[in-house]
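Before any comments, here is the structure.
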Amino acid sequence: LLTNPSFIGHIDSSKPIGVELKFDHLDGFDVHNFIKPTIDIISRATGIDDILFTKVICATESIVDEWSDGKIYIKLYNI
């Protein structure tokens, strides 16, 4: 998914990038601890230097009952 051209095709990797991260996670997790690892994965998968991610919004989308129900929603856009 992260390497799919439709995911990053609209991103100009010479300009700053905003990222919105929303998480479905178990109760009690601190979602802010998910930011850096998630940005690192996006960077590795897309080849976009993580220094370009200058605006990050992070939030809980929903609380799930099972670990396997966890999800990450990612939106990238140029600033």
Side-chain angles (χ1 to χ4, degrees):
L1 175 63
L2 291 176
T3 57
N4 184 326
S6 67
F7 180 74
I8 60 169
H10 66 287
I11 298 298
D12 181 345
S13 60
S14 68
K15 297 180 180 176
I17 298 169
V19 59
E20 293 180 17
L21 303 172
K22 295 182 183 179
F23 300 92
D24 293 348
H25 61 86
L26 294 172
D27 193 27
F29 277 66
D30 181 353
V31 296
H32 293 96
N33 290 334
F34 299 156
I35 294 173
K36 180 63 175 154
T38 305
I39 297 280
D40 288 345
I41 291 167
I42 295 168
S43 179
R44 271 194 309 272
T46 62
I48 297 172
D49 189 339
D50 65 354
I51 195 129
L52 291 170
F53 295 105
T54 57
K55 180 180 181 182
V56 178
I57 298 171
C58 178
T60 294
E61 181 73 11
S62 67
I63 301 298
V64 297
D65 294 324
E66 300 291 330
W67 178 270
S68 60
D69 293 331
K71 293 180 186 163
I72 303 172
Y73 304 90
I74 302 168
K75 178 181 177 185
L76 300 178
Y77 54 92
N78 283 109
I79 298 174

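We count residues from 1, following the sequence as given.
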Spatial distance of atom OG1 (T46) from atom CG (L76) [nearest 0.5 Å] = 7.5 Å

Output for pair (I39 CD1, I17 CD1), nearest 0.5 Å, gives 9.5 Å

Interatomic distance, F23 atom CZ to I74 atom CD1 [nearest 0.5 angstrom] = 7.5 Å

Which residues pass the salt bridge (charged side-chain N to carboxylate O under 4.0 Å, His left out) test with D49, sequence neighbours left out?
-> none

With hydrophobic residues grouped by side-chain heavy-atom distances under 4.5 Å, do I72 and V19 end up in a single group?
-> yes

D50 and S43: which non-hydrogen atoms are nearest, and at how many Å?
-> N-OG, 3.5 Å

Which residues, ordered by chain and number, are linked to I57 in its hydrophobic cluster, where ILVMFWY side chains connect at heavy-atom gaps below 4.5 Å, directly or through other members?
-> Y77, I79

Mind jotting down which residue pairs meet the side-chain hydrogen bond (donor to acceptor under 3.5 Å, both in side chains) criterion with at least one end in residues 54-63? Sequence neighbours excluded, please.
-> D24-S62, H25-T60

What is the distance from atom CG of L21 to atom OG1 of T38, rounded to the nearest 0.5 Å?
-> 5.5 Å

In plain terms, say whether D40 and K36 are close enough for a salt bridge, that is, a side-chain N and a carboxylate O under 4.0 Å apart.
-> yes

For the student: nearest non-hydrogen atoms of S13 and I48, plus distance | CB-CG1, 4.4 Å

Calculate, to the nearest 0.5 Å, the distance between atoms CD1 and CZ belonging to I63 and F29 respectively.
-> 9.5 Å

So, the side chain of N78 versus the backbone of D12: is there a donor-acceptor pair under 3.5 Å, distance only?
-> yes

